[in-house]
Structure formats: structure tokens, C-alpha cells
Amino acid sequence: MVFYLRRPIYEEYDADPMVPRLQSARRVFCILSGEDFDYLVRDRKLVLHLLDRRPRLVTRLRNLPDESGRLRQDLLLVSNYPVPQTPDTETLDAP
């Protein structure tokens, strides 16, 4: 991803190390679970802008039969800055 996006990519398994990055003066994008989003906004008092929400791809066979669990697991694309609203960015749907 670093090659294609030409940006640093960080992988964290805990929400707390993301706090300093999300408080940065630079625009940061983050993909996280709804639980982590709630924690960062509610408990850590961060202002995050929800850019998109998509279902998590189920990659474990043991999770396939649990349809209700699959449907509840969304991944959120958030940023510490809002995306400027222009005619090209009013929707985030793929062409």
C-alpha cells in the first residue's frame, strides 16, 4: 500500500497508539472498527470525521455460518480532518 498510495501506512492493534497520530496537524486516514471509533470519540474525546463505512470481509471459515455476526461488523474510514465538499467529493461511491 505504501507504494501505491505514496504515504506512510501504520498498522496498530490497539486504539491508544493511534491517538497522537489522529491529533496530528497533518491529515491522517484510519480504518477501524465501530468499537474503536466509539472509544476514540467518546473516551478519548477525539474529533473524527467519518468518510465511509463498508462491511468487513469475512476471511475465516469459522465465521461464515454466523450471518448475524458478519452483518454487524463494519469497517470505518475516518480522518482527523473533513474532506472538502466539492462536486467531485460529495459522494464517496466508486465509479
Practice prompt. Determine, for Arg54 against Asp52, whether the closest basic-nitrogen to carboxylate-oxygen distance falls under 4.0 angstrom.
Written response: yes

Worksheet item: How would you list, by chain and number, every residue that makes a side chain to side chain contact (heavy atoms under 4.5 Å, CB included) with Val41, sequence neighbours excluded?
Response: Phe37, Leu48

Give the table of side-chain donor-acceptor pairs shorter than 3.5 Å for residues 15-35, with sequence neighbours excluded, one pair per line with atom names and distance.
{"from": "Asp16", "atom 1": "OD1", "to": "Tyr39", "atom 2": "OH", "distance (Å)": "2.7"}
{"from": "Asp16", "atom 1": "OD1", "to": "Arg44", "atom 2": "NH1", "distance (Å)": "2.6"}
{"from": "Arg21", "atom 1": "NH1", "to": "Glu12", "atom 2": "OE2", "distance (Å)": "2.6"}
{"from": "Ser24", "atom 1": "OG", "to": "Arg26", "atom 2": "N", "distance (Å)": "2.9"}
{"from": "Arg27", "atom 1": "NH2", "to": "Pro82", "atom 2": "O", "distance (Å)": "2.6"}
{"from": "Ser33", "atom 1": "OG", "to": "Asp36", "atom 2": "N", "distance (Å)": "3.1"}

Fill in: Pairwise distance CG(Leu50) to CG(Leu76) - rounded to 0.5 angstrom
5.5 Å

Worksheet item: Do Leu77 and Val47 belong together in a cluster built from hydrophobic side chains that touch within less than 4.5 Å?
Response: no

